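Report on the following structure.
Numbers here simply count residues along the sequence, with the first being 1. In each ligand, atom 1 is the first atom listed, and ligand 1 is the first ligand listed. No experiment lies behind these values; they were computed from the predicted model shown.
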Amino acid sequence: MPGPHDTHDLTEADPLSAASLDALVADALAAFAAASGVAALKEARLAHAGERSPIALANRAIGRLTPAERKDAGRRIGMARGAINGALAERQAIVEAAELERALSEESVDVTLPVALAPEGAIHPITGLIELMSDVFVAMGWEVAEGPEAEAEWLNFDALNIGADHPARGESDTLFVAPVGSHRVLRTHTSPVQLRSLLDRELPVYVVCPGKVYRADEFDATHVPVFHQIEGLCVDKGITMAHLKGTLDHLARTMFGDVRTRFRPNYFPFTEPSAEMDLECFVCHGASVGNPDAPCRTCRSEGWIEWGGCGIVNPRVLRAAGIDTDVYSGFAFGMGIERTLMFRNNAADMRDMVEGDVRFSRSLKGEAR
Ligand code: DAH
């Protein structure tokens, strides 16, 4: 960029005289000083220190001098160039530092400013676990079946061989749907879907039935009035307890890794024989049994924790669905999803599972694939 000092006509004056060179240097220094940014300084550099700058032209004029004159002129040119280049480097450093400073302050982020939070959601761990458990069975060729949450009393109880005098039927446990004469209840377990599946499908039947169940229960760390179960039912020719044990062992290993299991005799009206499926305690692995010095709160020093109920389907249930029990037999099982979630994650309080705080869901992301 030509400045006000760029008016010397080097063709007329002696370009190599001390005065001319002083003027060149003064011009260059003034131009550098006036350049306020990196781009402006680049232009000033091309004009005053570039190949076609006055100082470069002066340098070329040396060739026209006699050898005797050259020495002096060369020294003056050298000094002039030194002055120009030194001033340029100095200015360059200043201008670059200023530009950096400006960028840092203009582009800095004010971390105290409020930000627009668009919170990321998460699959609820119960939903994720239902899918995970169902997939174990889908992978073996089973189907997923569903039934209504407001269920016929007959399917929830009678058809499952739960008589009118069974304690679970009393008002203390069961939530009845008004009016009383509707004979509908909020299903107390997923077992009525067993009946529905048998009535709806051709044999053989292999289904898992996950879903919500309702009981007039307390709301505390280990009870919630609405929770989830997954039911399994297989009806085929020649089904035995061994098939049941193998299937549940496979499920247990998928859910908990290399865990020991056991069947403990129990009673359910809809299976005969019936069992509870227990898992070896994850916490003490049985070390607390008979060892009052090292009690275990998780298994109450029993070494095992209860996971779910199971058994060979009671022929009365099969007959309620019109199945020939001389030809077909089956096994069934049912377990709580919340309990499974607690065991898998050491989650101690069931209330966290119903409160809907997304932080809980995010902390158990492993349950959702
Ligand atoms: N329905 C039972 C409950 O809610 C669980 C259960 C036990 C389901 C045994 C079954 C079974 O299918 O065979 O406690």
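- The part of Arg215 lying near ligand 1 is the side chain, judged by heavy-atom distances below 4.0 Å.
- Listed by first and then second residue, the salt bridge (Lys or Arg N to Asp or Glu O under 4.0 Å) pairs involving residues 342-354 are Arg344-Glu367, Asp349-Arg351 (not counting sequence neighbours).
- Minimum interatomic distance between Ile55 and His48 (heavy atoms only, all atoms of both residues): CG2-O, 3.5 Å.
- Below 30°, between 30° and 60°, or above 60°: for His189 and Phe270 the angle between ring planes is above 60°, a perpendicular geometry.
- Scanning all heavy atoms of the two residues, the minimum distance from Ile130 to Pro210 falls at CG2-CB, 3.5 Å.
- Under the 30°/60° scheme for interplanar angles, the aromatic rings of Trp142 and Tyr206 are found to stand perpendicular.
- Distance from atom 5 (C) of ligand 1 to its nearest protein heavy atom, with residue and atom name: Gly334 O, 4.0 Å.
- Contact atoms of ligand 1 toward Gln194: 12 (O) (distance under 4.0 Å to a heavy atom of the residue).
- For ligand 1, the atoms sitting less than 4.0 Å from at least one non-hydrogen atom of Phe268 are 7 (C), 9 (C), numbered in the order shown with element in parentheses.
- Nearest non-hydrogen protein atom to atom 10 (C) of ligand 1 is Glu231 OE2, 3.3 Å.
- Contact annotation for Ala332 and ligand 1: heavy atoms of both the backbone and the side chain come within less than 4.0 Å of the ligand.
- Looking at atom 11 (C) of ligand 1, its nearest protein heavy atom turns out to be Phe270 CE1, 3.5 Å.
- Among all heavy-atom pairs drawn from Leu279 and Ala252, the shortest one is CD2-CB, 4.0 Å.
- Ligand 1 places these atoms under 4.0 Å from at least one heavy atom of Gly311: 13 (O).
- The aromatic rings of Phe256 and Trp307 sit perpendicular to each other, their planes meeting at more than 60°, with 30° as the lower class boundary.
- Close approach of ligand 1 to Gln229 (heavy-atom distance below 4.0 Å) involves ligand atoms 3 (C), 4 (O).
- Under the 4.0 angstrom criterion for non-hydrogen atoms, Phe331 is not in contact with ligand 1.
- The 12-atom threshold is not exceeded at NZ of Lys42, counting heavy atoms of other residues, nucleotides or ligands nearer than 6.0 Å.
- Looking at Gly232 next to ligand 1, no N or O pair under 3.5 Å apart turns up.
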Go through Phe176 and Phe157 one step at a time and tell me if the ring pair (Phe, Tyr, Trp, His ring centres under 6.0 Å) criterion holds. CA-CA 13 Å; Phe176 290 85; Phe157 295 124; 7.4 Å; no
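- Atoms of ligand 1 found under 4.0 Å from any heavy atom of Ser191, numbered from 1 in the order shown, are 1 (N), 8 (C).
- Across His189, Met277, Glu272, heavy-atom proximity to atom 1 (N) of ligand 1 is greatest for His189.
- Using a non-hydrogen distance threshold of 4.0 Å, Met335 does not register as a contact of ligand 1.
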